[in-house]
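Just so it is clear, the model here is predicted, and its values are computed rather than measured. All ligand and atom numbering here is 1-based and tracks the order in the structure.
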Amino acid sequence: MKLQQEVEETHTRYAQDYVNHLLETVVHRNPYETEFHQAVKEVFYSLIPVLAKNPKYIEYAILDRLVEPDRLITFRVPWTDDNGKVRVNRGFRVQFSNAIGPYKGGLRFHPSVNASIIKFLGFEQIFKNSLTGQPIGGGKGGSDFDPKGKSELEIMRFCQSFMTELSKHIGQDTDVPAGDIGVGAREIGYMFGQYKKLIGAYEAGVLTGKGIGYGGSLGRKEATGYGAVYFVEQMLNEKDLSFNGSTVVVSGSGNVSIYAMEKAMQLGARVVACSDSSGYIYHKDGINLDTIKRLKEVENRRCRDYVLEHPDAVYTEGCSGIWTIPCDIALPCATQNEINHLSAELLVRNGVKAIGEGANMPSTLEAIDIFLQHNVLFAPAKAANAGGVSVSALEMAQNSARLSWTMDEVDAKLQIIMKNIYRESMKASEEYGVPGNLVIGANIAGFVKVADAMLAQGV
Ligand code: NDP
């Protein structure tokens, strides 16, 4: 017994040393890419128990290979603005891993986009996509183009120029992009139109998040937000808690936030706050979702305009203040690192019971530690926001079969997928000695399938 324990300890130390050494290499090889380092660190540390139990993953350098993308493509995106001035942005596509299926991951248009952001998102996408149980690999892309304040024609010209280069690297069996921040059905439509023109064929499965009339899936728009709420509800139910009667704060007011709010409200929650990158609204009696949907989805306006129609609500400039609002459940659905250790401490002090990450990497590593130390139920992004890419995979399946499922059919499949992700993450957390720790459970469950495929396919 004692001997076995000593062997296990030796294996764990060996795995720790391997991970520490590899992390140093990652930082050295990718200087200044702080978001990428953060994402890799979170995943690698959580994999130590698997590596200790399965030394072949170390022997065959699975992590060394996973952390180096198959390729990172950067390109010039020239376009002409409405004044006839030529502008130049930078485009990216990272193809991280196609061990279990074609590269798959969204496109982000935001001025903060750089190689570090795209690589952190692409790296996380490998494990998230594996967790969904669908045959999709990991990729991500985007541009530092800022869609804010651009005219419809400027957006169209930019999307066409972006796709002119991107089209050389994607395809329905190689790499299938979708939307993300700043890229919704409108942008996907312009890019799909350009792709079709360039290749001279109707390859519907090359992009997901398309309009319903030309190959899109019902339920894709709602999938990430609904999926996050389904996942959190599952986590709450295990502790005899529920959205019903809870007070909820949701950051952002984009695609993920709006549909997370909608589903939380349908399940009986009172959503009291949401935000955009300028500031946040607090509406004690509950946010009016019809107003938010109109302001954001139709009129392209700001959260501050909400109080013009609802004078009993309060608008505050600045984003991080939203986490000072007491709530039972917090759903960060805006962007990376929006909850730091200070916000996490405040949330805990104000009695938060659960966090559900709708956005990618919205909590810093320090914030996650605080939540876990205080036994706050924590649904990590890789698991909680996997509903979006899951329905994207369902869109690909419908495109291949040339048929369309109803909203009820898609929603039923989404609910099953989110339940499976919860179950698999929980099972892995129990199997590796950290029961209930879904951060570690989700990383391990996502990793093992990819690692085994890599072993089977050789070096
Ligand atoms: P959108 O562009 O539709 O919405 C983003 C929202 O977040 C906007 O309201 C934006 O405000 C707000 N926002 C941006 N930066 C900040 C900030 N610093 N503080 C507060 N609010 C901010 O993007 P999505 O909803 O699609 O994506 C949101 C997150 O979810 C991202 O992390 C994305 O990677 C992730 N995600 C998205 C999926 C999808 O299917 N769309 C799938 C899985 C993950 P403003 O309008 O002022 O910029």
Specify side chain, backbone, both or neither for [X], according to which of its non-hydrogen atoms lie closer than 4.0 Å to ligand 1.
X: Asn360; answer: both
X: Gln336; answer: neither
X: Cys333; answer: backbone

Answer yes or no for [X]: is there a heavy-atom contact with ligand 1 below 4.0 Å?
X: Arg220; answer: yes
X: Arg108; answer: yes
X: His110; answer: no

Practice task
Assess whether side chain to side chain donor-acceptor pair (under 3.5 Å) is satisfied between Ser257 and Lys296, documenting all intermediate values.
Solution key: CA-CA 11 Å; Ser257 324; Lys296 292 294 177 180; over 6 Å; no
Could you tell me whether some N/O pair between [X] and ligand 1 is separated by less than 3.5 angstrom?
X: Ser278; result: no
X: Lys140; result: no
X: Val256; result: yes
X: Lys148; result: yes
X: Asp180; result: yes
X: Asn255; result: yes

Practice task
Check side chain to side chain donor-acceptor pair (under 3.5 Å) between Asn114 and all other residues, then give those that pass, not counting sequence neighbours.
Solution key: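 Here no residue qualifies.
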Practice task
For Ser97, enumerate each residue passing the side chain to side chain donor-acceptor pair (under 3.5 Å) test, keeping only those at least two apart in sequence or located in another chain.
Solution key: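 Ser97 satisfies side chain to side chain donor-acceptor pair (under 3.5 Å) with no residue once adjacent residues are dropped.
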If you count the atoms of ligand 1 from 1 in the order shown, which ones are under 4.0 Å from a heavy atom of [X]?
X: Arg302; answer: 45 (P), 46 (O), 47 (O)
X: Gly182; answer: 2 (O)
X: Thr224; answer: 38 (C), 39 (C), 40 (O), 42 (C), 43 (C)
X: Cys319; answer: 19 (N), 20 (C)

Practice task
Spell out, as yes or no, whether a donor-acceptor pair under 3.5 Å connects the side chain of Asn385 to the backbone of Gly358.
Solution key: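 Checked: pair present.
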Is any NZ, NE, NH1 or NH2 atom of the basic residue among [X] and [Y] found under 4.0 Å from an Asp or Glu carboxylate oxygen of the other?
X: Glu297; Y: Lys221; answer: no
X: Asp276; Y: Arg301; answer: no
X: Asp144; Y: Arg90; answer: no
X: Arg294; Y: Glu309; answer: yes

Handout entry: Taking atom 18 (N) of ligand 1 as the reference point, the nearest protein heavy atom with its distance
Key =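 For atom 18 (N) of ligand 1, the nearest protein heavy atom comes out as Thr335 CG2, 3.6 Å.
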Practice task
Distance to 0.1 Å, residue and atom name: give those for the protein heavy atom nearest to atom 27 (O) of ligand 1.
Solution key: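 Heavy-atom neighbour on the protein nearest atom 27 (O) of ligand 1: Ile181 CG1, 3.6 Å.
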Handout entry: Beyond-backbone contact of Tyr202 with Tyr214, side-chain heavy atoms, under 4.5 angstrom
Key =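 Answer yes - side chains close enough.
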Handout entry: Min side-chain heavy-atom separation Met265-Ile287 under 4.5 Å
Key =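 Heavy-atom side-chain distance check passes, below 4.5 Å.
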Going by the closest heavy atom to [atom], which one wins out of [options]?
atom: atom 47 (O) of ligand 1; options: Ser277, Gly105, Ser257; value: Ser277
atom: atom 9 (O) of ligand 1; options: Pro332, Gly279, Gly209, Ser253; value: Ser253
atom: atom 28 (C) of ligand 1; options: Gly254, Ala334, Gly252; value: Ala334

Handout entry: Derivation of the salt bridge (Lys or Arg N to Asp or Glu O under 4.0 Å) call for Arg304 and Glu317
Key = CA-CA 8 Å; Arg304 68 171 69 86; Glu317 281 290 327; 3.3 Å; yes
Exercise for the section: Check Phe92, Trp79, Phe162 against Phe145 for a ring-ring contact (aromatic ring centres under 6.0 Å, His included) and give me the one that passes. Expected result: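 Only one option passes, and that is Trp79.
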